[in-house]
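Note that the numbering runs from 1 along the sequence shown for the chain. Indexing begins at 1, ligand by ligand and atom by atom, following the structure's order. Every heavy atom of this structure was used, including side-chain atoms; hydrogens, water molecules and symmetry mates were not.
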Amino acid sequence: MNSGRPKPYNSFETAQEQFDAVATRLGLDTGTRELLRSPLREYSFAIPVRMDDGSVRVFRGFRVQHNDARGPCKGGIRFHPLETLDTVRALAMWMTWKCAVVDIPLGGGKGGIICDPHNLSLAEQERLCRGFVRQVVRNVGPTLDVPAPDVMTSGQHMLWMLDEFEAIRGEHLPGFITGKPVGLGGSLGRTEATGYGVVFTIRETLRELGLRAEDTRASVQGFGNVAQYAIELLMQLGGTVTCVSCWDQKDQVAYSYRRRSGVDLAELRSITDRFGGIDSKRARELGYEVLDGDAWLEQEVEILIPAALENQIHIDNVDRIAPTVRLIAEGANGPTGPRADAVIRERGIFMIPDLLANSGGVTCSYFEQVQSNMNYYWSRDEVLGKLDLKMTSAFRAVAELAQRENLYMRDAAYVIAVTRVAQASRDRGWV
Ligand code: NAD
């Protein structure tokens, strides 16, 4: 029965709709469609945890393995009070496409625990991490499924999980998990990989458009890990960033910070907390104009980099994008709503879609896994050099297909990703 109310947003339905559109474009047969539109394996389990006060609380955890035809599954583990199995399914599916478009030999997975770490002591979080591993130990591992940090999980959580995994298996297996601290199996370059990767794709786009970085201005949403390193490399290439936007925890609102002559990255970093929140009072004192949260979108710039959250460019604000904008690089996952995306496509703005633009993170995680499995670690230059090569060749493949078939970049990226996964599934004789 239709209640007349809008349906709540379900990211798995969105992911399936996106897939269906590509499957139709590619003319995939029914069996392949059926296989790829749902996860191969899903684990949903209880995690009993002894709390500090002696009581036991039972948490719910999920691990979803969407597809591993091209290699072991890869994807983060999130802590979130509103985590759902459907969200994890969608994220696992998107990981499959991301790994495929950048052509790394991995499949897609994702995990989650319904919890709010703000209300858990560190000792309780440690027991929760160890409990998660005990439930999935038979189904994950360096050659099966390799987790990583994600929303509200960190290198510390990864180390606890690794320690539990190794204790159960009775051997050192640092390739079980990525996002580990440098010196304990982590990779140099991982911190900057996603933001730098975004800029590698911007650099290639500027070549396509016949623009010089020195002649471009950019406006960025977010001032966290992805945004800060994207700004850093863009400035090194000669670009100017005139505006950044982020969430103000104190005022519970987002602000945009503008300096038309260009923001000073070091100065802004010095007044930013570890969650990527800029101190608005100090920014004002330093001479930044403090504007509303959406103002980053309407700046007279050539480049927009949404690098905060999903669904930030939507049908109600897409018209605020200035006519000067030539390209959008999606640092965040899913920052553009489907209706806004149609407007951007119509306007002929060059779109570097999330699955390509922010794939530097998972690519570097793959490098960490390789280094961990070899127990031999590369220099930062080696990591970032390999990252550049990988992302540039992925960009070229997508851009060439887009040009040849007159496709929007997002569609071209999906076509390449789904074709590769479908082919691997066929080659294995699954379909
Ligand atoms: P982060 O937590 O370090 O930073 C998030 C930033 O977004 C902060 O500056 C925060 O203030 C800002 N923000 C939050 N709400 C906002 C709002 N309403 N308006 C404006 N700004 C707001 O996160 P991150 O690691 O930089 O990730 C950013 C995005 O990139 C996410 O979508 C994430 O899934 C995606 N991503 C991250 C990585 C990675 O390696 N970190 C890899 C791939 C994709």
Side-chain angles (χ1 to χ4, degrees), residues 11 74-80 87-88 90-91 94-95 97-99 101-102 108 110 112 117 148-155 158 178-179 186-187 189-199 201 219-232 243-258 263 265 268-269 271-280 283 290-297 304-314 317 329-336 352-368 387 391:
S11 38
K74 183 93 196 76
I77 297 174
R78 300 150 46 105
F79 281 180
H80 203 282
T87 311
V88 180
L91 292 164
W94 285 326
M95 284 304 294
W97 310 140
K98 198 179 286 192
C99 292
V101 81
V102 77
K110 206 78 172 189
D150 206 283
V151 174
M152 291 204 263
T153 53
S154 66
M158 299 305 108
T178 63
S187 175
R190 175 63 188 90
T191 312
E192 51 272 54
T194 309
Y196 277 22
V198 170
V199 176
T201 64
S219 180
V220 182
Q221 189 192 35
F223 198 62
N225 172 268
V226 179
Q228 288 190 29
Y229 285 102
I231 294 169
E232 183 175 284
C243 188
V244 300
S245 158
C246 65
W247 184 252
D248 188 295
Q249 189 61 25
K250 201 157 50 59
D251 294 354
Q252 287 292 302
V253 67
Y255 292 124
S256 301
Y257 300 90
R258 178 169 70 185
V263 303
L265 181 60
L268 278 186
R269 274 177 164 157
I271 58 166
T272 299
D273 65 25
R274 67 195 168 92
F275 302 108
I278 294 172
D279 183 328
S280 53
V290 181
L291 311 169
D292 76 86
D294 268 353
W296 73 279
L297 199 58
L304 288 179
I305 309 177
L309 294 176
E310 61 283 351
N311 206 26
Q312 292 300 297
I313 308 177
H314 45 76
N317 67 9
E330 293 186 323
N333 285 317
T336 313
I352 317 175
D354 49 3
L355 74 162
L356 178 63
N358 71 34
S359 61
V362 72
T363 303
C364 199
S365 292
Y366 161 60
F367 293 158
E368 177 180 335
L387 181 68
M391 293 203 59

CA sep, side-chain torsions, deciding dist, call: Lys110, Asp150, side-chain contact (heavy atoms from CB on, under 4.5 Å): CA-CA 9 Å; Lys110 206 78 172 189; Asp150 206 283; 2.7 Å; yes

For ligand 1, the portion of Ala307 having any non-hydrogen atom under 4.0 Å away: backbone

Flag, side chain of Ser256 to backbone of Gly293, donor-acceptor distance under 3.5 Å: yes

Location of contacts on Glu310 toward ligand 1, heavy atoms closer than 4.0 Å: neither

Per-residue contact class, Ala254 against ligand 1 - non-hydrogen pairs under 4.0 Å: side chain

From the candidates Asn225, Val220, Asn358, the one that places a heavy atom nearest atom 3 (O) of ligand 1: Asn225

Protein contact to atom 21 (N) of ligand 1 [nearest heavy atom, distance to 0.1 Å]: Cys246 CA, 3.3 Å

N/O donor-acceptor pair under 3.5 Å between Glu232 side chain and Ala230 backbone: no

Side chain Ser219, main chain Trp296, donor-acceptor under 3.5 Å: yes

Gly179 backbone acceptor or donor facing Glu368 side chain under 3.5 Å: yes

Protein contact of atom 4 (O) of ligand 1 - nearest heavy atom, named by residue and atom, plus distance: Gly224 CA, 3.3 Å

Short N or O distance, Ala227 and ligand 1, threshold 3.5 Å exclusive: no

Exam field: side chain Glu330 to backbone Asp354, donor-acceptor pair closer than 3.5 Å: yes

Donor-acceptor contact below 3.5 Å, side chain Asp251 vs main chain Val253: no

Closest protein heavy atom to atom 7 (O) of ligand 1, given as residue, atom name and distance to 0.1 Å: Ala308 CB, 3.3 Å

For atom 34 (O) of ligand 1, closest protein heavy-atom neighbour: Asn333 ND2, 3.1 Å

Atom 18 (N) of ligand 1: nearest protein contact (heavy atom, Å): Trp247 CE3, 3.7 Å

Polar side-chain atom of Ser359 near backbone of Val102 as donor-acceptor pair, under 3.5 Å: no

Leu91 vs Ser11, side-chain contact (heavy atoms from CB on, under 4.5 Å): CA-CA, chis, key distance, verdict: CA-CA 8 Å; Leu91 292 164; Ser11 38; over 6 Å; no

Heavy-atom nearest neighbour in the protein, as seen from atom 39 (C) of ligand 1, with distance rounded to 0.1 Å: Thr194 OG1, 3.4 Å

Identity and separation of the nearest protein heavy atom to atom 15 (N) of ligand 1: Leu309 CD1, 3.4 Å

Residue part near ligand 1, for Val226, under 4.0 Å between non-hydrogen atoms: both

Worked check of side-chain contact (heavy atoms from CB on, under 4.5 Å) between Trp94 and Asn333: CA-CA 9 Å; Trp94 285 326; Asn333 285 317; over 6 Å; no

Those atoms of ligand 1 less than 4.0 Å from some heavy atom in Arg190: 40 (O)

contact_flag Ser245 ligand 1 heavy-atom lt 4.0 Å: yes

Partner of Val198 under side chain to side chain contact (heavy atoms under 4.5 Å, CB included), chosen from Ile352, Leu356, Val226: Val226

From the candidates Trp296, Phe275, Tyr255, Tyr229, the one that places a heavy atom nearest atom 8 (C) of ligand 1: Phe275

Sub-4.0 Å atoms of ligand 1 with respect to non-hydrogen atoms of Ala332: 29 (C), 30 (O), 32 (O), 35 (C)

